[in-house]
Structure formats: structure tokens, C-alpha cells
Amino acid sequence: MNFHIMTLFPEMIEGAANTSILGRAIDKGLLSVNAVDIREYTANKHNRVDDYTYGGGAGMLMQAQPIYDCYMNLQPVREGRKVRTIYMTPQAKVFNQDMAREFAKEEDIVFLCGHYEGIDERVLEEIVTDYVSIGDYVLTGGELPALVCMDAIARMVPGVLGNEVSGETESFDDGLLEYPQYSRPEEWKGKRVPDVLLSGHHANIEKWRHEQSLCRTKERRPDLYEKYLATHEKL
Ligand code: ADE
């Protein structure tokens, strides 16, 4: 899977993408991350990529031309392939696990990261296929949101987490939060690992974990708990 990130700060993307699990997946050839500097495509002799907003209002807007030229030069676009192009913006539906799973089926994904007060609407109409937010708060740019989405999408790509783990066995796979987990030692600061986990009785362990997931979801995410009950427990 190939990620293409159009940004004014490619070093932000490169630093984060080359570490840990994403870095390993890139080394293994499962992923590629191509951060492209929009500024390199400006036709402005002073290297400007922003300008005032028609109609007035505070702040500057990213102009259409550099973004469009940058997009047209991306490899999958040059090759005439249709690519999902995601504009990171708080004016959109909020990203979730289902969306991560869906995007993970694509061969190429383009992220467009905005700055300043936003982007000229005309270039968005021309190239964007999906508008995605990471939550109801406003950040200074789209790079952190793009990294968040890229991480969540990448871990759903087969092989990225390694053969032994599947992205599907974690929180949200069935709409519940994950149960608590413990490692050695059996006792730490007077707190013991729950007996059932030491019992070796797999059915009891599964049952305990499911109950813990239910309790945790009810307490921390009552909205998810209600949804789970509505779909799973037809009484
Ligand atoms: N850009 C600025 N804030 C954002 C958010 N919450 N989600 C996605 N992109 C953004």
C-alpha cells in the first residue's frame, strides 16, 4: 500500500513514518510513505502558497494552483489511476475503525494536509474524494491528523503487525473496548494478577475477558455500550 502525503511540512511526516511498526513495514516493502512538499509546486516567484480570502476575514488561505500541480504529479495520478484523496479537516465526519478497515483495501491513498485558515474550495472540488476529521477540535494543520489515520489504516494491512497478530483482535473489533491485561510479575505493589488468568482454563479466561470488556465499555464509553447492546443482545 502506498501513502502519498501532500504537505507544507514533509519532515513532520517522514520523522513519524520511519519509526516503529510503520518503519518496519516500509522496510519489509508492505508500505511506502511518500511525503511531497506542496511548496515545490508553487508558480509564485516568492514561493508563496497562500493568499488573502475573497470577501474578507482573518487569515490566509492555501491557493489552488500549487496543490493541484502537486496532485497531478503524484505517481498514481500520472499513471491515470483513480485514487482515494483524503482532505484532513475538522469539517467532516470523524474517523473510526470501520473507515480504517475500508481505506486499508486501497492500493494508493493520498492525504491532503491544510494549513492557515484552509484551502481554496475549487481545488478541493477538483481532487478530494473523502473529507475526514479526527475529532471535534481544531489543530494547526492536517499533518498530525494524516499521521493518525495513516497509522490506523496501515495496521489493518495484512502483514504489518506481523504474522502472529491481527488488527482485528483489538478494541473495537466487535464494538467493545479491550479488557485489562497483565504481565509478570504475578504480584506488583501488592496487586495480584486475577486468579482466573493464572488458571490455564481457557473458557473461563474468555468469559472473564468478555465481562471485563463489557464493564469497561459501560463505564468509559456508555455510547458504545448502548450500541453494543442494541446489536448483540436481542432479549
Ligand atoms: N485539521 C485541523 N484540525 C483537524 C481535525 N480535528 N481533524 C482533521 N484535520 C484537522
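In each ligand, atom 1 is the first atom listed, and ligand 1 is the first ligand listed.
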Polar contact flag, side-chain donor to acceptor under 3.5 angstrom, H115-E143: yes

Atoms in ligand 1 flagged as close to M88, the criterion being non-hydrogen separation under 4.0 Å: 8 (C), 9 (N)

Ligand 1-proximal atoms of T89, by part, heavy-atom distance under 4.0 Å: backbone

Which segment of V132 sits under 4.0 Å of ligand 1 when only heavy atoms are counted: backbone

Close N or O approach (G142, ligand 1; < 3.5 Å): no

Cluster link V138 to Y87, ILVMFWY, side chain under 4.5 Å: no

N or O contact, V138 vs ligand 1, cut-off under 3.5 Å: no

For atom 10 (C) of ligand 1, the protein heavy atom that lies nearest, with its residue and separation: P90 CD, 3.5 Å

The single option from V157, D130, D98 passing side chain to side chain contact (heavy atoms under 4.5 Å, CB included) against F103: D130

Any N or O of P145 closer than 3.5 Å to N or O of ligand 1: no

Heteroatom proximity flag, Y137 to ligand 1, N/O under 3.5 Å: yes

Check: Y179 ring centroid to H210 ring centroid under 6.0 Å: no

Donor-acceptor pair between S32 and N2 side chains, under 3.5 angstrom: yes

